[in-house]
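This report concerns only the one structure given below.
Position 1 is the first residue of the sequence; numbering continues from there. For ligands, and for the atoms within them, numbers begin at 1 and follow the listed sequence. It should be emphasised that the depicted structure is a prediction, and the values quoted were computed from it without experimental measurement. Basis for what follows: all heavy atoms, side chains included, without hydrogens, waters or symmetry-related copies.
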Amino acid sequence: MTDPNCIFCKIARGEIPAKKIFEDDDVMAFHDIRPQAPVHFLLVPKEHLATLYEAQPAHQQALGKMLAVAGRLAREAGAGEGFRTIINTGRVGHQEVYHVHMHVLGGPEPLGPMLQRRK
Ligand code: AMP
Ligand code: ZN
């Protein structure tokens, strides 16, 4: 349900501050603390879920809502001409925070390539 040591659970519980832009019973959105694009916020399920590996049908409502509200929130945040969504999973995906989160990145100018090409 909630993990006492998880940073995004702490944000969801209001124990540490975040620049929140949306919240309902299932999900929360807040600006990334180290933005990598002019628009960079995170959408997270309120309930603790470490990675997409642990996702079950019971998480569908929250995970679906993360996608369903992303466009509106991106537009409201200033990314009206496109954005990118990323969910990093596990070591190979470079996941740093083990509470599922979807990055929403955008800005007035097109973003760089999705992945750095290997030489
Ligand atoms: P990931 O590599 O997908 O796990 O990325 C984790 C993201 O969480 C990074 O972009 C961090 O900048 C961001 N982050 C970590 N702590 C916080 C925080 N307290 N508030 C907002 N964003 C955070
Ligand atoms: Zn958590």
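- Remark: ligand 1 atoms within the under-4.0 Å shell around heavy atoms of H101 are 1 (P), 3 (O), 4 (O), 5 (O), 6 (C).
- Under the 30°/60° scheme for interplanar angles, the aromatic rings of H101 and F8 are found to stand perpendicular.
- Counting heavy atoms of neighbouring residues, nucleotides and ligands inside a 6.0 Å radius, atom CD of Q116 does not exceed 12 of them.
- Heavy-atom proximity to N88, at under 4.0 Å, picks out these atoms of ligand 1: 1 (P), 2 (O), 3 (O).
- Close approach of ligand 1 to H31 is summarised as follows: ligand atoms under 4.0 Å from at least one heavy atom of the residue are 21 (C).
- For ligand 1, the atoms closer than 4.0 angstrom to any heavy atom of L42 are 8 (O), 22 (N).
- By the 3.5 Å distance cut-off applied to N or O atoms, Q36 is not counted among the residues near ligand 1.
- Of all atoms in ligand 1, listed by their number and element, those nearer than 4.0 Å to a heavy atom of R34 are 12 (O).
- Scanning the protein for heavy atoms near atom 22 (N) of ligand 1, the closest one is I33 N, 3.1 Å.
- The backbone N or O of A62 sits nowhere less than 3.5 Å from a side-chain atom of K46 that would complete a donor-acceptor pair.
- In this structure, Q61 places its CD atom where only 12 or fewer heavy-atom neighbours from other residues, nucleotides or ligands lie under 6.0 Å away.
- The number of heavy atoms from other shown groups lying within 6.0 Å of CD (E81) does not exceed 12.
- Checking side-chain atoms of H40 against main-chain N and O of I33 turns up no donor-acceptor pair under 3.5 Å.
- In this structure, Y98 has no heavy atom closer than 4.0 Å to ligand 1.
- Ligand-side atoms of ligand 1 in range of F30: 21 (C), range being under 4.0 angstrom from any heavy atom.
- When every heavy atom of P17 is checked against every heavy atom of I11, the shortest pair comes out as O-CG1, 4.4 Å.
- The ND1 atom of H99 and the SG atom of C9 meet at the Zn ion (ligand 2) at an angle of about 110°, given to 10°.
- Polar contact check, E96 against ligand 1: a nitrogen or oxygen pair lies under 3.5 Å apart.
- Atom numbering of ligand 1 starts at 1 in the shown order; those under 4.0 Å from a heavy atom of I7 are 19 (N).
- Note on ligand 1: H103 sits in its first shell, one or more heavy atoms being nearer than 4.0 Å.
- Given atom 2 (O) of ligand 1, the protein heavy atom at minimum distance is H94 O, 2.9 Å.
- Without hydrogens or angle criteria, E15 side chain to P4 main chain gives no donor-acceptor distance under 3.5 Å.
- Atom 13 (C) of ligand 1 has as its closest protein heavy atom D32 OD2, 3.3 Å.
- The Zn ion (ligand 2) sits nearest to atom ND1 when only the N, O or S atoms of H48 are considered.
- Between A77 and F41 the shortest heavy-atom distance is CB-CE2, 4.1 Å.
- Looking at L73 and L43, their side chains come closer than 4.5 Å, going by heavy atoms from C-beta outward.
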